[in-house]
Structure formats: C-alpha cells, structure tokens
Amino acid sequence: MEVKEKIIGAIKIAVKSAMEGGVLKNSDDLPEIVLEVPPRKEFGDFSTNFAMQSAKIFRTSPRKIAEEIKTRIESAAWLDKIEIAGAGFMNFYLSRDVIYQELANIYGAGENFGQLPAKNNQPIQIEYVSANPTGLLHVGHGRGAAAGSAIVNILRAAGYDVESEFYINDAGNQMENLAKSVNARYLELLGKNVDFPENGYHGADIIDTAKKIIERDGDKYLGLPEEERLKILEDLAYADKLAELKKDLSEFQVEFDSWFSERTLHPDKVNAAIKILRDKGAIYEKDGALWLNSTKHGDEKDRVVVRENGVPTYLAADIAYHKNKFERGFGTLINLWGADHHGYIARVKAAMTELGFNADNLKILLLQMVSLYRGGELVKMSKRTGESITLRELMEEVGTDAARYFFLMRSIDSQLDFDLDLAKKQSSENPVYYIQYAHARICSIFRQAAEVGLSLGNNPPQFELMTTDAELDLVSKILEYPDEIEKAAAEFAPQRIARYAYDLAAQFHSFYRDCRILGVGRELAHARLALVRVTGHTIKHSLGLLGVSAPQSM
RNA sequence: GCGUUCGUGGCUCAGUUGGAUAGAGCAACGGCCUUCUAAGCCGUGGGUCGAGCGUUCGAGUCGCUCCGAACGCACCA
C-alpha cells in the first residue's frame, strides 16, 4: 500500500536529518523499518518499533529517538497525529482524507484489487500432489491439492511468476503392481479363477478399471500370453487412472501447468545424473550397489541409488527429476510433500548440492496428516485396502467449497482434524458458509438497490460521508488485504487468507447491522453502496485464492 | 534410540523479522427480527501459552533440557 511506503519514507528522511543535525549518532547499519497494524485500534492505523530496534545503535533511549522522528514528520498533511507509547512504539494516525483516497483507489481498481504488481522474479516452480497413477486420490492428497493450488494462487496474486507441476510416478514397481492387479480383476470378471497378487491394489477402483476395459474391448486380451496381456493392461490402466486423477483434481478446482512423466527420465536422464555424481565422487560402489554419499550433507546414512540388481531406486529418478527442474531455469523450486516423506529431504538436497545446485533454492514444504471425524469419532482407514476416504467421496459428502476451506483453514504444518459434520452444516457454525453468506448478502443488496433505482453509476462516491466506526473499521480491514496477500505468499500460508476472509466477512456483517444502505440520503447511500461493492470484490477475491466459490445467493 | 512437526481457554485452532492488556470459532449463558437474507448481530463467563532453565530492555514466539502426541527411520514409492 502506498501509505505505508509514505510513512517509511518519511521516517527514513527524519532519521537522516537527525543524524546530519548531530542529534542522532551517524550509522549506516540501521534496522529495517517495519510498519505493522497495531493490535488495537486505539494505537492508530500503523505503528513501528523502529525506535526500540535502533536504540542500541544510536545509544539513545527509544522514546528520545521516537521524539526526534516525530517532531520531524508530524506536520505532514497526510498525518493526523503521531503518538509515542509504551517502551517506544510510534503510533501513526492517518488523516481521514488519506483513508478515503485509498478507498477511492481500490474502488477504481474494481475486481483487480488484490492483484499486486509483478515482482519480475525468476520463475518459481511448485510441484504438488504427484500421486501415483495407481488408484484414486484420498483425503491426504486432497489437502495437498488444496494447499498447493491455494499457494499458487496466492503467489500469483502477490505478483510472482509461478508454474505448477504434477510429477507422475509412472515408472517402477507400482506400475507393475497396477498391471498385475488389473489383470487379476480382468480375468476374474471374465470368469477365470486367479490368485490376487500379493501386494496388489485391493481398491474397488481397480475393478472399475477392469470393467471399463472389458466394456470397451471385451475379452480380446484373454487369449494373449500373460506377459503381453500385462503390458497392454498396464498401458490401459495407466491411461484410465491418470484420467481419473485429472478429473478429480479439476473438479476440486486444481489445474496444473504441466504434467511431468517419470518415464521420460528413464533411462537416459537417470543415467546421466548418476554419471555426473559418480564422476564427482559423490556416488560409490558397495555390495554390488551404487550409493550416494549423502551423509556428507547431513543425512543419517548413505542411500542406494542403483540396486544390486541394476535397477535404479526411486531416489535415482528423483535426482534426475530435480536436476531437470533446476536446469529448466526456475529460481526457486517448491515441493509440497506429505509429512511422512520428511526423511527424504536430506538425501535429495544432498544430491542437488553435489550436482552443483544451491539446495537452499529447493524449498520443501511438509504437509501434516489429516484425520476425519464423523459423529465425534475418528473415521478409520479401511483395513483391507489400507485407504482412507477418497477425495471424490469427500467432495460428494461435504462439497468442494467446504472441503477446500477446511483443508486450508489450518497451517500446513499442523495436523488437521476434519469435522465432516461441521463441514456439512449450512449454518453460521460453518465458517465457509458464514463467508459465502456475506457475499450473497452483498449481491442481494445490489438486487434490492436496483429495484429502488439506486446504482453506482459513473459519479465518484463521496466516501467522506462515511464517518462511523462500523464504516471505517470495514474500510481499514479492506486496506489490509494487499499486505495480507504479501505475508501469505512469503510464508506459504493459505490459512492467513482463510482467516482474513472470515474476519472481513465478520466486519461486513457488523457494518450491515449498523448501517443501512437503502433508505438513507442519496449521496450517503451511494458511498455505502460503493463500499459494499469493494467489500464484495474483496471477499470474492480472497475466496478465489482459496479456490472457494462466491455465490450470488444462498 | 535417532530425526521431523506439533503441544495456546471444555473442543478445534490463529497469533505478522521477539514487542503494548494472548485472539477467533464451536460449546455454555443472556439479549436483538414491522424496514437491504436472523445462514446475521450484540453481550457474559472461561487461558500458570506442556514443564523448567537460559538469552533479551522485552519471550506464546529464540536456545537448551525434560514430558506428551503424530509421522518417519528399505537395495518400497
């Protein structure tokens, strides 16, 4: 926000002038000036602890420093007053005109409010979900999908250049397993007696896949030799599973810019990466296998990259994959992994360091586990399939909006207790309905206004007519939005936006109680209607970052 | 045993590079609909921030120790 820059600029000039005047000791190592919105509104619109932070450098008491800064800027027109409080906080009270001007700017920006200027950063890539194409997505993937897509949206709103990617684990044992499982179901459905593979996938979705194949192609693969049939069924099952993944994700408001197949890394890119590491001495041979010297970079033990039988491990492919990602020119790579993969971080980073990349540019976000509760009881995983409720079932039960909001309302590194009953409730107890209701109410106001011939038209609203707390509190909540996006982006923290949307809705509901829009004077009604419009845009935008819809009516 | 994350009112959780009297929702209790959706609003009660020590002008936030929970510790992915 411009005002913030204005205040920070003024403080800088004041400090400089105080130093030049010999009032403050000269220094070029001053702390950054951070403005925050104070915890209570009696403390003004913005405050800074700069005087406290810099007390040591200036060797002066914080209050004295604050006084010196204050006297040098307090006459500025955009400022109402500055107060020094507590141990040396400086509280800035903006002139109302500035607030009205900010509001007018936001009003002018229309639906673009919330899109921050481009940062012109080196592109960031974020990889998430990356589930095996061997079954349906479950709720754990759902949390990852919600978090990843929200983080992408937030980073883009903050002005970063971001690309999202899904890494398809379509090579290795699990694909053979998929083929064997579908094969068994295929034969079973065609009346053959077969033993189900030992580590096969027991889910009902495997039967569905086999059924689809029979529906389309009949029993034409029955007579083929086992080997050949497995190969064909693997391809068919893979295509089906991948299509299912894409369908579920799309329904869950998740779209990827690119889908990267692990198969494209085998064998050339994997071998090339191994060769480089070998040449650099980071990989050695022991017991017939090839090992990565990851202990050197803090891992607990060295890791096998190529097995005794000559087959590369998952790690080998992952090294080749991350090498490829770095080589594509991304400045930052973000991986969103389930917390159960945390042991993997050290080895991948070790390999990247050995390959000459800066491992700090690979940020791995860990997502904690989800527990579902229904009727106050933990919903247990199925014993036979070892799987929890699928994402598809969850969407059917509670709806996409509620599912996404509930996944996003907690910080990603906090375990999530998902209350299915609460998510289903269509009442104010349910935060997502509470927020959506605020938006629906706003749309309703516009419908009502139109009926009495009131609309925004082209005349600029006279915002200065709004002087009550209910109005000004709502305005200041809206003014916080860009900052909130900035912070949510910097911290990869969608829950900040979830909370912000809730707080904004609450502020609006209070305003709605205190301030009528229809039936007040024409100019005041116009100004309030404009504020309502801005509020509606902001709620819609913040819900949009979360991938939650903003209904016109409820 | 080692590692990662977490431990904040009865429950689920926020808490902005360490800052001003620790905040919400749910649950409990009491009010508010002849006027723009009561799917709402207003109010009350409830917390030694797991325990201890340390760093600091100042610690829920940083460090160490301990206790507790989840997850992980494969030549599986």
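All values below were derived from every heavy atom in this structure, side-chain atoms included, with hydrogens, water molecules and symmetry-related copies excluded.
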What's the gap between [N] and [M] when it is taken at their [atom1] atoms, as a whole Å value?
N      : M      : atom1 : answer
G43(B) : G25(B) : P     : 11 Å
U5(B)  : U48(B) : C1'   : 25 Å
A24(B) : U8(B)  : C1'   : 12 Å
U21(B) : C36(B) : P     : 43 Å
C26(B) : U44(B) : P     : 16 Å
C11(B) : G52(B) : C1'   : 28 Å
C33(B) : A28(B) : C1'   : 24 Å
G9(B)  : G50(B) : C1'   : 15 Å

### Message
Less than 3.5 Å apart, any donor N or O on the side chain of Tyr93(A) or Asp45(A) sitting next to an acceptor on the other?
### Response
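Side chains of Tyr93(A) and Asp45(A): no pair found under 3.5 Å.
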### Query
Can you find a side-chain donor-acceptor pair between Glu471(A) and Thr468(A) that sits under 3.5 Å?
yes
Tell me the interatomic distance from [X], atom [atom1], to [N], atom [atom2], rounded to whole angstroms.
X         : N      : atom1 : atom2 : answer
Asp514(A) : C42(B) : CG    : C1'   : 9 Å
Lys477(A) : G23(B) : NZ    : C1'   : 11 Å
Phe89(A)  : G18(B) : CZ    : P     : 13 Å
Arg263(A) : A77(B) : CZ    : C1'   : 15 Å
Ile364(A) : G72(B) : CD1   : P     : 17 Å
Asp419(A) : G25(B) : CG    : P     : 17 Å
Phe50(A)  : A20(B) : CZ    : C1'   : 19 Å
Gln368(A) : C6(B)  : CD    : C1'   : 7 Å

Determine the contact category for [X]: base if any of its heavy atoms lies under 4.0 Å from a base atom, sugar-phosphate if only primed atoms, P, OP1 or OP2 are that close, otherwise nothing.
X         : value
Leu518(A) : base
Asn199(A) : nothing
Lys301(A) : sugar-phosphate
Phe43(A)  : base
Tyr502(A) : sugar-phosphate
Asn91(A)  : base
Ser510(A) : sugar-phosphate
Cys515(A) : base
Ile445(A) : sugar-phosphate
Ala440(A) : base
Arg40(A)  : base

### Query
Less than 4.0 Å between a side-chain N and a carboxylate O, is that true for Lys477(A) and Asp473(A)?
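Result for this pair is no, no salt bridge flagged.
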By nearest atom, which of the nucleotides [options] is closest to the [X] side chain?
X         : options                : result
Met52(A)  : C36(B), G19(B), C71(B) : G19(B)
Ala85(A)  : G72(B), A20(B), G19(B) : A20(B)
Asp340(A) : G72(B), C75(B), A77(B) : G72(B)
Asn169(A) : A77(B), C75(B), C71(B) : A77(B)

### Message
Just to verify, which of Val270(A), Asp318(A), Asn169(A) counts as forming a side-chain contact (heavy atoms from CB on, under 4.5 Å) with Glu262(A)?
### Response
Asn169(A)
Identify, with sequence neighbours excluded, every residue that meets ring pair (Phe, Tyr, Trp, His ring centres under 6.0 Å) alongside [X].
X         : result
Tyr433(A) : none
His266(A) : none
Tyr321(A) : Tyr167(A), Phe260(A)

Pairs under 3.5 Å (N/O, protein and nucleotides 8-17 of chain B):
residue, atom, partner, partner atom, Å
U12(B), O2', Arg410(A), NH2, 3.0
C13(B), OP1, Gln415(A), O, 3.1
C13(B), O2', Arg410(A), NH1, 2.5
A14(B), OP1, Ser411(A), N, 3.0
A14(B), OP1, Ser411(A), OG, 3.0
A14(B), O2', Arg499(A), NE, 3.4
G15(B), OP1, Gln495(A), NE2, 3.4
U16(B), O2, Lys487(A), NZ, 2.2

Every protein N/O within reach of nucleotides 31-34 of chain B N/O, cut-off under 3.5 Å:
none

### Query
What's the base orientation of C33(B): syn (chi within 90° of 0) or anti?
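Base orientation: syn.
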### Message
Can you list everything that forms a salt bridge (Lys or Arg N to Asp or Glu O under 4.0 Å) with Glu67(A)? Sequence neighbours excluded, please.
### Response
none
## Note on the structure
salt bridge (Lys or Arg N to Asp or Glu O under 4.0 Å) filter on Glu42(A), not counting sequence neighbours, yields Arg40(A)
### Message
Dot-bracket, 5' to 3', for RNA chain B please: Watson-Crick or G-U pairs under 3.5 Å, [ ] where pairs cross earlier ones, | where the partner sits on another strand, dots elsewhere.
### Response
(((((((..((((.....[...)))).(((((.......))))).....(((((..]....))))))))))))....
### Query
Under the salt bridge (Lys or Arg N to Asp or Glu O under 4.0 Å) rule, what pairs show up with a residue in residues 366-375 of chain A, not counting sequence neighbours?
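Sorted result for residues 366-375 of chain A: Arg374(A)-Glu397(A).
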### Message
Tell me whether the side-chain N or O atoms of Ser371(A) pair up with the base of A70(B) as donor and acceptor below 3.5 Å, since no angle test is needed here.
### Response
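Checked by distance alone, the answer is no.
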### Which residues share a side-chain contact (heavy atoms from CB on, under 4.5 Å) with Ala350(A), sequence neighbours left out
Ser294(A), His297(A)
### Message
Under the rule for side-chain contact (heavy atoms from CB on, under 4.5 Å), what residues qualify as partners of Glu285(A), not counting sequence neighbours?
### Response
Arg278(A), Leu290(A)
### Pairs meeting criterion ring pair (Phe, Tyr, Trp, His ring centres under 6.0 Å) with involvement of residues 476-498 of chain A, two or more places apart
Phe113(A)-Tyr481(A), Tyr481(A)-Tyr500(A), Tyr481(A)-His541(A)
#### Entry: From OG (Ser411(A)) to CD (Gln368(A)), nearest 0.5 Å
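With rounding to 0.5 Å, OG (Ser411(A)) is 9.0 Å from CD (Gln368(A)).
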### Task
Show your working on side chain to side chain contact (heavy atoms under 4.5 Å, CB included) between Val305(A) and Trp291(A) and close with a plain yes or no.
CA-CA 5 Å; Val305(A) 177; Trp291(A) 298 71; over 6 Å; no
